[in-house]
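Here's the structure we're looking at; comments come further down.
Order of the sequence lines sets the chain letters (A, B, ...), proteins ahead of strands, with each chain counted from 1. Computed from a prediction, not measured in an experiment: that's the story for all the values here.
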Number of protein chains: 4
Amino acid sequence: MRRTREDSEATHQQLLKAGLRIFSEKGYAAARLSDVAYAAGVTRGAIYWHFKNKKDLFLALFRKNVDPLFDTIKDVLEDKSSPLGKIRTILTIVLEKIDTDADFRANQNLEFAETKLLSDIPELQQYLTNRAANSYKLFIDMIESGVKNGEIRNDIDANSVINIFSAMIRGYCFISSRKDFLTFAGDIDTEQMINIFIQGLKA
Amino acid sequence: MRRTREDSEATHQQLLKAGLRIFSEKGYAAARLSDVAYAAGVTRGAIYWHFKNKKDLFLALFRKNVDPLFDTIKDVLEDKSSPLGKIRTILTIVLEKIDTDADFRANQNLEFAETKLLSDIPELQQYLTNRAANSYKLFIDMIESGVKNGEIRNDIDANSVINIFSAMIRGYCFISSRKDFLTFAGDIDTEQMINIFIQGLKA
Amino acid sequence: MRRTREDSEATHQQLLKAGLRIFSEKGYAAARLSDVAYAAGVTRGAIYWHFKNKKDLFLALFRKNVDPLFDTIKDVLEDKSSPLGKIRTILTIVLEKIDTDADFRANQNLEFAETKLLSDIPELQQYLTNRAANSYKLFIDMIESGVKNGEIRNDIDANSVINIFSAMIRGYCFISSRKDFLTFAGDIDTEQMINIFIQGLKA
Amino acid sequence: MRRTREDSEATHQQLLKAGLRIFSEKGYAAARLSDVAYAAGVTRGAIYWHFKNKKDLFLALFRKNVDPLFDTIKDVLEDKSSPLGKIRTILTIVLEKIDTDADFRANQNLEFAETKLLSDIPELQQYLTNRAANSYKLFIDMIESGVKNGEIRNDIDANSVINIFSAMIRGYCFISSRKDFLTFAGDIDTEQMINIFIQGLKA
DNA sequence: CATGAATGAGGTTTCATTCAT
DNA sequence: AATGAATGAAACCTCATTCAT
C-alpha cells in the first residue's frame, strides 16, 4: 500500500503507463480495468482514487502527452534548414521513434483507433484540431517556399504532399505495430522509404 | 413466423452487411450484437440462427470477401503493362475504391484493426499469409524487372518499395475514414499523391 | 424460464410486487436488486429486461398505482353525504386499508420515505402535486360547506383541518407499520380515533 | 497535524451534527460517510478516529440525545396543570419545536425512519422501550384522571387517545419536513390543529 | 426462421473500512 | 488527531448467449 505523496504520484504514473499499454494493446472497449490495475500493481479501487472512471483514465493519457507527433513535427518545421531537409528530418525522427519508442507508437495507435472516444470531449477534439491546423499551416508554408526556391517540383500542390506524408506516417505506424502479423514487414529500411518520398518531391 | 428460403438468405446478407458496418465503426469489442441486429432489422436471436456466435459473424465477414485488396492488386500485377504503369494502376484503383466504396474501406479498416482476432483462426491467418506472400512475390518481381529495364531507380530495394506502398495505402484508408475529424483532409487529389510516389521511384 | 406473453407479464407483475415489498421494507438505497429478483423468482438480469434500471423499477411502482390514497379520498369527497359524514367515511376506509392492506401501506410508506427520489422526476412530481392540489380544493370546499350549514364549527379554517387530517393519516400509517417496535400500539381502536377527530370538528 | 483536546472535541461535535443532518436527509443507507465528513469539514478517516464505524456514528447520535420528545413530554406530564392543559402544553411545545428546531425534527425523523437499525442494539431498544412505557403510563394516568374529573369525555379509552396523539405528532413531523413538496402545507396554524384535537377530547 | 424472454458471466463503479504517515 | 491513499466487498449494469414458442 502506497502512503507518501511520492508513492501516490508513482501510482498515478504507473496507472497512466499501464493504461497506455493495455488500452493500446486491446483497444478501449476490450481493455479491462482489472488488467490496468494488475499491470500497475494496485487494485481496481486505486484507479478510482486517481481517476473519475475508465474514460477519465483514458483521456488523462491524452491530456498528458497529447500527440507528441505534433510537437516533434512543429519543432523541425520551425528550424532553419531547407524544406526538403526538414521533411527528411521529420520522417527520420518520426519513423525512428515509431520503430523504437513503444510508448510513442502506442500513443499514435490509440489516437488512430479511438477517434470516436476523443470526439466525445469537444474540448479535447478542439485542441487536437487546433494543433493540427497549426502544423498544417507551417507545413504548407514550407512546401510553398520549397517550390518557390526551386527545390520542390512545381506541378504539385502542398495539400497533396501533406496527405501522402500523413498517410505514410500513419501507415508505417500501423505496419510497425503489426510486424508479427505482417510477413513482408520483416526488416524495414526506413531511410530508403524516405529517399523514395523525397525523390518524388524534388523539382 | 414462416419464412421462405429467400427471406432467410436476405436476412443472412443483411446481417453480414450490418455486421461489416457496425464492426468497422466501433471495432469488434465495442460493437454490440444488438446494434448489428438493429441495423439489419432483426432481433439478436436471429443472429444465432445464421452464425454460431459473435466471433463467427465477424469471421464470416472475412470469409465472404477476404481481402478484396489482394484480389485487386493481384489482377493488375499479372497484366502486361510496365512496372510503373502497374503501380499507378493499382494505386489509382485502390485509392479510388477507398474514397468511394464504404464497404471496401470498412473491410480494410477491420482487417487493419482486428489483426488479433483474425490471428485467432489459424486457418484464416494462414490464408491471409499465403495471399500476402503471393502478392509480395509478384510485387518484388515487378519492381526488380522495372529496375532491370531501367524504368525504376536502381538504388532502392524492392522491400522498401513494398513498405512505403503499403504504408501509403493503409494510411490513406485511415485518413479517408476520418475525414470528419481531420481538418486537412478536405479535398484530396489522389492523382497528385500517386504522381509523387511514382516520381520517387523513377530512375 | 418464462416464455409466453402471459409468462412475461406475470414476471413483470412479480417484479413490481417484489419491488414494492423490498423497497418498502428496506428503503430504496438499502434494497438490493438481487433481493427483488429473488423475491420475484427470477435472476437479476430479468429486471433489466423489464425495467431500465433500479430507479426505473422504483418509479414504475409509482406510475402503476400512484397514490391510491388520493383515489380513495377523491371518490368519497365527490359523493353526496354530509361533510362530517364524508370525513368519517374517508378515515374509516383509509385507516382500515392501512391496517389490512399491506400493499397500500407499503405504497404509502414508500411515498413518505422516498420523497427525494420522486423529486428527481419533475414529471412525476408535477403529477403528484396536481393530484394533491385537486384533492385539496375538494377538501377545502367540503369543510367550508360544512361550516356554512352549521355542521362544522366556524372558528377554524379549512387549512388547519387538512393539516391535522393529513398528519393523522400519515402518522397512523407509520404506527401501523411499526407495531412490532411500538409498545403502546398493541390494539388500536380506529373508530375511537375517528370519533375524537370528528368531535373536534363539530360545531 | 497537532490538535488540542478542544479541537478534537469540536470535531467530534461537528461529526455528530453533520451526521444528524446527512442521515436525516438521506436516510442511513443512502448517506455516505464522505457526505458526513464533508459536512463536518474533515476527511472520512477522521470519522474512524471518533467512531468505530458508520453504525456507531449513527447510534452515537441517539445516545447523545435519546428522544428529546420523551423528555419534553415527561416534564409536562409531571407538572401540576389539568389533563387537557397538559395535552395542550405538550402539543404546543412539540409542534413548535418541530417547526423551528431542525435538529429536533431530524432526530424524530431518524427515529421514525430507522427503527430497524435502532432495534439492532438491544440495549438501546430496551432503553427506548422503557422510556416509552414510562411515558405511556403517565399519559394513561393523565387521561383517566381527566375522565374522572369530568374534563375529558368518558366514551373513549385512553389507549386511543395515545394513538391519535402519537399519530398526529409523527404525521406533523413528516409534513413539516416535506413542506417543499406538499403544496397544501404552506402556512400551518398549529394552534388551530391543537384546538381541534382538544375539542375532540372534551367531555 | 425469428422473436421475446431470461440467464449468467464478467465488467464498472461505489463506498465502508484500513492504515502508514 | 487527522489525512491521503489504497483495499476489497458488494452493488449495479451490460451484453453475449440460450431457449421455449
Residue whose nearest DNA chain F nucleotide is more 5′ - B:R32 or A:W49 = A:W49

Can you check the A:E6 CD to F:dA5 P distance for me, whole Å?
-> 11 Å

B:F51 CZ to F:dT18 P: how many Å, rounded?
-> 16 Å

D:H50 side chain N/O closer than 4.0 Å to the phosphate oxygens (OP1, OP2) of F:dA2?
-> yes

Would one find a side-chain N or O of B:S8 under 4.0 angstrom from OP1 or OP2 of E:dC1?
-> yes

Watson-Crick or G-U wobble partner of E:dT21, both distances under 3.5 Å = F:dA2

Separation of F:dA11 P from C:Y28 OH (nearest whole Å) | 14 Å

Salt bridge flag under 4.0 Å for residues D:D103 and D:K17 = no

E:dA6 phosphate, OP1 or OP2, under 4.0 Å from C:T11 side-chain N/O = yes

Would you kindly compare D:N53 and B:E9 by the position of their nearest DNA chain E nucleotide and give the one closer to the 5′ end?
-> B:E9

For B:A31, which contact category applies under a 4.0 Å heavy-atom criterion: base, sugar-phosphate, or nothing?
-> sugar-phosphate

B:L15 CG to F:dA16 P: how many Å, rounded?
-> 14 Å

May I ask you to say whether A:R63 pairs ionically with A:E123, meaning some side-chain N is under 4.0 Å from a carboxylate O?
-> yes

F:dC15 phosphate, OP1 or OP2, under 4.0 Å from B:S34 side-chain N/O = no

May I ask you to check whether over 12 heavy atoms, not counting those of C:K52, lie within 6.0 Å of atom NZ?
-> no

Ranking C:Y48 and A:G45 by the position along DNA chain F of their nearest nucleotide, the one closer to 5' is A:G45

Pairwise 5' ranking along DNA chain E for B:R44 and A:K52, keeping only the more 5' one | B:R44

Just checking, is any N or O donor in the side chain of B:T115 or A:R178 under 3.5 Å from an acceptor N or O on the other one?
-> yes

Here the distance between atom C1' of E:dA16 and atom CZ of D:F23, to the nearest Å, is 11 Å

In whole angstroms, the gap separating C1' of F:dC12 from OH of C:Y38 amounts to 21 Å

In whole angstroms, the gap separating P of E:dC15 from CG of D:D35 amounts to 8 Å

Grab the CG-P distance between A:D7 and F:dT7 for me, whole Å please.
-> 12 Å

Assigned partner base of E:dA16, Watson-Crick or wobble definition, under 3.5 Å | F:dT7

Minimum heavy-atom distance between B:E111 and B:L128, given as atom pair plus value | OE2-CD2, 4.3 Å

